[in-house]
Amino acid sequence: MSELNSIALKIVSSGKGILAADESTGTMTKRLESVQVTSTAENRLKFRNALFASESMKSCIGGVILYDETIKQSVGSLTIPELISSSGAIPGIKVDTGAKALSSSKEEKITEGLDGLRERLKEYYKLGARFTKWRGVYIISNDYPSKVAIFTNAHALARYASLAQECGMVPIVEPEVLMEGNHNSKTCLDITTEVIKKCFDELILQKIDLSGIILKPNMILPGVNSNENINSEKIAELTLKCLIDSVPNEVPGIAFLSGGQSEIESTENLNMINLKNTSDYKMTYSYGRALQQSALKYWSKNQDDIVGTQKIFNHRANMCSLAAKGKWNKELEKK
Ligand code: 13P
């Protein structure tokens, strides 16, 4: 087993998943301001540290994705990567520099960050990171995604993945087909399948060790403005069809983004995916909003109650962990 494969498996095995705490300062500012908290470096650390020091880190969280600011912060004598490692989780880092307008297709985006990436990766490795994340985004409409957006984002994801592996870190490959729009689940299935297939074409062309990556896809859902009625069984069926059709067998783990689903929806859907999964891929979570939302809301009103904040986060992480094993049900949410 390669070193990269063992890191990837450690992150996604035994009902563990990923805490995506890699919001850029701009995004974190929006999240904090939405709950009337001023976005200072100190406040951003205070909230995140409450999560990183919680009990469920040991049992439910295999990896934490950090942002550049956070990976360089410390609490007492411990750096944040040391704090995360002390609970048995692996520190990771977002390395893309954001999605920018694609010059040839103005409404779409291309993710940037390849310039100087090798040097930044080496620095992050020294700071303790052992995995990385890069997110490409795709919109669905009558005209989009364009072939250009599908190809250029796949190419960039593969160039990033190659550099991450060269530097000894597992790349999370995240092609996110956004939920915005009035498209139905069949369109989401067709487009997500095409997007993921193109990513693997490029990953294979660029000789990525597929046993040392984690795929972070969206689930297959109707657009947020669609009037299609869909239950979690159908979502799980379509999501599994998409992944079985597009992901090579060597890939050890698939960790879904929550993408705007509620905490309960994302847990219920992940649980159903695991109940129906007959493949060897580990199917787990790499949630940002769906792990943090309730904890952030509580903390915003009770900033000194770290234990109370952690209780809420622990519950959410435990629910997600049960869903990653197909052992969640609605009754458990009430406890
Ligand atoms: P959400 O789960 O909030 O979609 O965030 C996951 C993520 O890392 C997006 O890049």
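We count ligands from 1, going down the list as the structure has it; atoms in each ligand are counted the same way.
The shortest N or O to N or O distance between G259 and ligand 1 is below 3.5 Å.
Compare E23, K216, R135 by their heavy atoms: the one nearest to atom 7 (C) of ligand 1 is in K216.
The protein atom (non-hydrogen) at minimum distance from atom 9 (C) of ligand 1 is E174 OE2, 3.3 Å. The nearest heavy-atom contact from the protein to atom 10 (O) of ligand 1 is K133 NZ, 2.5 Å. For atom 2 (O) of ligand 1, the nearest protein heavy atom (residue, atom name, distance) is S258 OG, 2.5 Å. When hydrogens are left out, the protein atom nearest atom 5 (O) of ligand 1 is G288 N, 3.6 Å; that is the closest non-hydrogen contact.
In the model, S141 has no side-chain atom that pairs as donor or acceptor with a side-chain atom of D143 under 3.5 Å. Using modelled atom types, one finds no donor on one side chain facing an acceptor on the other under 3.5 Å when comparing Y285 with T267. Inspection of the S185 and E228 side chains reveals an N or O donor paired with an N or O acceptor under 3.5 Å. Between the side chains of Q36 and S300, no donor-acceptor pair is found at a separation under 3.5 Å.
Remark: distances from the non-hydrogen atoms of Q292 to ligand 1 are all 4.0 Å or more.
Within the structure, the side-chain hydrogen bond (donor to acceptor under 3.5 Å, both in side chains) test picks out the following pairs touching residues 86-99 (sequence neighbours left out): D22-K94. Screening residues 166-181 for side-chain hydrogen bond (donor to acceptor under 3.5 Å, both in side chains) gives R118-E166, K133-E174, R135-E176 as the qualifying pairs, with residues at least two apart or on separate chains.
The aromatic rings of F47 and W299 sit tilted, their planes meeting at an angle between 30° and 60°.
With a 4.0 Å heavy-atom cut-off, ligand 1 is reached by the backbone of S286 but not by any atom from C-beta on.
Distances below 4.0 Å separate heavy atoms of A20 from the following atoms of ligand 1: 8 (O). Heavy-atom contacts of Y287 reach the following atoms of ligand 1: 2 (O) (cutoff under 4.0 Å).
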